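Remember, predicted model here, so these are calculated numbers, not experimental data.
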Amino acid sequence: MEYKRNRNGEGTWRETASGNIEYRFTYTDEYGNKKVKSVTGVSESHCLERAEAFLERLKQKRNGINLDATIPELLYEKVESDFRKNYTGEQGYERNLRTMRNRGEKEENPNERGNDKSHHSFG
């Protein structure tokens, strides 16, 4: 495993035992802390692409945070994001939206919650 050192702040390269290339670089997280990230690829250019993609996602995450968002707004964004990434299908997406709407209606009318006696079969 041979290390190739760059100037300060440019990261380091090494060849892994499996023959892949590993690129380690520093970045600043959303809280201002310095962190080290490692990406592995078949070539230096592949590693750089993966590192740039990581930094771009970090930048989008940093810019996309709405500190004034309400919990329902955050949940809606999560449901939308999951659907776009194909984590949930169309049926699950619709069910999640219905659940959020129904929960919102129940929260607006909290006095109606305990008055429904259809749940009990005591006679």
Side-chain angles (χ1 to χ4, degrees):
M1 291 186 289
E2 182 180 323
Y3 287 89
K4 178 179 166 187
R5 182 165 170 80
N6 293 329
R7 292 188 309 234
N8 261 352
E10 291 184 1
T12 58
W13 300 93
R14 77 178 182 102
E15 187 174 340
T16 64
S18 64
N20 289 327
I21 306 293
E22 180 185 49
Y23 177 51
R24 294 174 56 89
F25 60 97
T26 59
Y27 69 97
T28 305
D29 69 5
E30 60 266 18
Y31 304 109
N33 301 322
K34 288 272 190 186
K35 302 253 179 154
V36 176
K37 175 72 177 170
S38 171
V39 293
T40 305
V42 294
S43 66
E44 287 186 8
S45 61
H46 186 239
C47 289
L48 286 175
E49 287 174 14
R50 295 184 73 189
E52 288 171 4
F54 169 78
L55 292 173
E56 183 62 31
R57 282 192 310 272
L58 184 67
K59 181 180 171 185
Q60 288 173 350
K61 182 178 177 183
R62 190 177 297 150
N63 292 338
I65 295 175
N66 179 2
L67 298 177
D68 297 323
T70 62
I71 291 175
E73 290 170 343
L74 294 172
L75 283 173
Y76 181 77
E77 286 298 318
K78 174 69 173 143
V79 167
E80 290 288 322
S81 173
D82 286 352
F83 183 64
R84 280 193 306 270
K85 295 175 184 174
N86 288 327
Y87 292 160
T88 57
E90 190 171 329
Q91 184 178 10
Y93 170 73
E94 294 295 329
R95 183 184 59 241
N96 289 340
L97 290 179
R98 258 192 328 274
T99 301
M100 288 190 321
R101 269 196 307 272
N102 292 341
R103 296 282 167 111
E105 291 170 4
K106 286 182 182 179
E107 294 301 319
E108 290 174 9
N109 302 317
N111 294 334
E112 293 179 12
R113 185 176 286 177
N115 296 333
D116 185 16
K117 301 201 188 263
S118 64
H119 298 293
H120 306 291
S121 60
F122 298 120

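The number of heavy atoms from other shown groups lying within 6.0 Å of CD (Glu56) is above 12. Other residues, nucleotides and ligands contribute over 12 non-hydrogen atoms within 6.0 Å of the OH atom of Tyr27.
Using a 4.5 Å heavy-atom threshold, the side chains of Thr16 and Ile21 count as separate.
With sequence neighbours excluded, the residues satisfying side-chain contact (heavy atoms from CB on, under 4.5 Å) with Ser45 are Ser43. Lys59 pairs by the salt bridge (Lys or Arg N to Asp or Glu O under 4.0 Å) definition with nothing, not counting sequence neighbours. Every residue two or more places apart in sequence or in another chain that forms a ring pair (Phe, Tyr, Trp, His ring centres under 6.0 Å) with Tyr93 is listed here: Phe83.
Leu48 contributes atom CG, which lies 12.0 Å from atom CZ of Arg50 (distance to the nearest 0.5 angstrom). For the atom pair NZ of Lys35 and OG1 of Thr28, the computed distance is 11.0 Å after rounding to the nearest 0.5 Å. Distance check: Thr26 OG1 to Glu10 CD gives 10.5 Å after rounding to the nearest 0.5 Å. Considering CD of Glu80 and CG of Leu97, their distance stands at 6.5 Å, rounded to 0.5 Å. Taking OG1 from Thr40 and CZ from Arg14, the interatomic distance works out to 7.5 Å, rounded to the nearest 0.5 Å.
In terms of heavy-atom proximity, Cys47 sits nearest to Gly41 at SG-N, 3.3 Å. The minimum heavy-atom distance linking Val42 with His46 is given by the pair N-ND1, 3.4 Å.
In the model, Glu22 has a side-chain atom that pairs as donor or acceptor with a side-chain atom of Ser38 under 3.5 Å.
The aromatic rings of Phe25 and Phe54 sit perpendicular, their planes meeting at an angle over 60°, well past the 30° parallel limit.
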